Amino acid sequence: LSKYSLATTNFKKALDVFDLIEDDLGQYISLKYLATSYDASLNYKKAIDVYTIFSERANANNKQADFNMAQEALGRLYYNSGNYDKALELFEIQKVEAEKVGDEVKLAMIYNQIGKIYDLKNEFVNIIAHDLRNPVTAIIGFLEILTSDKEKKVKDIITVKVISSD
């Protein structure tokens with residue numbers, strides 16, 4: 001087992017024990033370290049699931065530092081797993097919080113992440129637009145030929161296409 005798998009296994013066992021004896025503080029601490037170990041092992045799905053639960057508990061217990069840490073981790077994990085809409089949503093919330101406290105370094109990092117997401121979205125839209133433009137241009141050109149008075153030219157094009165497809 002890797003060191004992360006071993007840590008994850010042990011934190012899951014600890015969480016089970018604390019659940020059994022209904023120890024809220026033990027559960028809270030176990031969730032925090034379980035999320036961190038999933039994160040370190042690059043298991044994004046499980047890390048997101050556990051950080052989400054931990055974030056909710058931190059918020060309910062008014063533990064702002066833990067809540068912020070979980071939200072930052074969730075933003076990064078959603079970004080790394082390709083869920084850019086959710087990452088953007090979390091980054092926007094973090095941006096507002098960083099603006100409130102005047103944390104310029106954190107703001108710069110958040111703007112950088114937001115910029116990367118918009119760059120990815122723009123690149124995607126450009127690729128899709130290009131891929132759609134090529135067949136549409138060919139169809140429009142063919143329709144222009146069909147609507148012209150040059151029936152002989154159309155017949156020649158259709159004949160060439162039929163012969164070349166054989």
Side-chain angles (χ1 to χ4, degrees), residues 1-140:
L1 289 174
S2 74
K3 61 184 174 183
Y4 299 120
S5 297
L6 185 60
T8 302
T9 301
N10 287 329
F11 289 129
K12 282 196 295 191
K13 288 178 183 176
L15 182 59
D16 290 342
V17 168
F18 290 124
D19 282 344
L20 186 65
I21 63 174
E22 297 178 6
D23 182 338
D24 288 338
L25 181 59
Q27 292 171 352
Y28 182 82
I29 293 168
S30 296
L31 279 171
K32 181 177 184 175
Y33 290 108
L34 181 59
T36 305
S37 65
Y38 279 135
D39 190 356
S41 67
L42 304 178
N43 189 335
Y44 299 138
K45 170 83 173 93
K46 288 186 179 181
I48 287 170
D49 292 344
V50 178
Y51 267 124
T52 300
I53 295 167
F54 176 71
S55 173
E56 291 167 357
R57 292 240 182 126
N59 193 34
N61 291 319
N62 295 316
K63 296 189 182 261
Q64 194 63 42
D66 283 345
F67 177 76
N68 291 343
M69 180 270 302
Q71 292 296 299
E72 289 173 18
L74 283 166
R76 180 179 37 76
L77 289 164
Y78 279 120
Y79 177 84
N80 290 341
S81 65
N83 189 338
Y84 301 120
D85 289 332
K86 189 66 177 172
L88 189 59
E89 178 185 320
L90 289 168
F91 290 144
E92 291 291 343
I93 293 167
Q94 292 170 26
K95 180 181 81 168
V96 170
E97 291 300 316
E99 287 171 344
K100 283 181 187 175
V101 297
D103 189 340
E104 297 298 323
V105 173
K106 188 172 181 179
L107 269 173
M109 290 174 23
I110 292 168
Y111 278 119
N112 184 34
Q113 290 294 80
I114 290 171
K116 286 180 183 177
I117 291 172
Y118 282 120
D119 289 347
L120 287 169
K121 285 186 173 197
N122 287 338
E123 181 181 346
F124 176 76
V125 168
N126 288 337
I127 290 169
I128 295 300
H130 179 267
D131 288 350
L132 289 176
R133 193 177 310 122
N134 288 341
V136 170
T137 303
I139 292 169
I140 289 171

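Numbers here are sequence positions counted from 1. None of the values given here were measured: they were computed from a predicted structure.
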Look up atom CG in Leu107 and atom CD in Glu104, then write down how far apart they are to the nearest 0.5 Å.
5.5 Å
Output the distance between atom CZ (Phe11) and atom OG (Ser30), rounded to the nearest 0.5 Å.
7.5 Å
Any side-chain heavy-atom pair of Asn10 and Tyr33 under 4.5 Å
no
Only pairs under 3.5 Å count here: list side-chain donor-acceptor contacts from residues 64-74, not counting sequence neighbours, and write none if there are none.
unit_1, atom_1, unit_2, atom_2, d
Gln64, NE2, Asn68, OD1, 2.9
Asp66, OD1, Lys32, NZ, 3.1
Asp66, OD2, Tyr28, OH, 2.6
Asn68, ND2, Gln64, O, 3.4
Gln71, NE2, Ser55, OG, 2.6
Glu72, OE2, Lys106, NZ, 2.5

Name all residues meeting the salt bridge (Lys or Arg N to Asp or Glu O under 4.0 Å) criterion together with Asp49; count only those two or more places apart in sequence or in a different chain, and write none if there are none.
Lys45
Could you give all pairs that pass the side-chain hydrogen bond (donor to acceptor under 3.5 Å, both in side chains) test and reach residues 12-26, with sequence neighbours left out?
Asp19-Gln27
Set of ring-ring contact (aromatic ring centres under 6.0 Å, His included) partners for Tyr44, sequence neighbours left out
none
Minimal non-hydrogen separation, Phe91 against Ile110, with atom names
O-CG2, 3.4 Å
Got a second to check how far Asp119's CG is from Glu123's CD, nearest 0.5 Å?
8.5 Å
Do any pairs count as a salt bridge (Lys or Arg N to Asp or Glu O under 4.0 Å) and have a residue in residues 80-100, sequence neighbours left out, and if so which ones?
Asp85-Lys121, Lys86-Glu89, Glu92-Lys95, Glu97-Lys100
With rounding to the nearest 0.5 angstrom, report the CD1 to OH distance, Ile48 to Tyr38.
13.0 Å
Test side-chain contact (heavy atoms from CB on, under 4.5 Å) applied to Asp103 and Val105, step by step
CA-CA 6 Å; Asp103 189 340; Val105 173; 3.9 Å; yes
Out of curiosity, Leu15 CG to Thr8 OG1, how far, rounded to the nearest 0.5 Å?
12.0 Å
side-chain hydrogen bond (donor to acceptor under 3.5 Å, both in side chains) contacts in which one or both residues fall within residues 74-84, not counting sequence neighbours
Asp39-Arg76
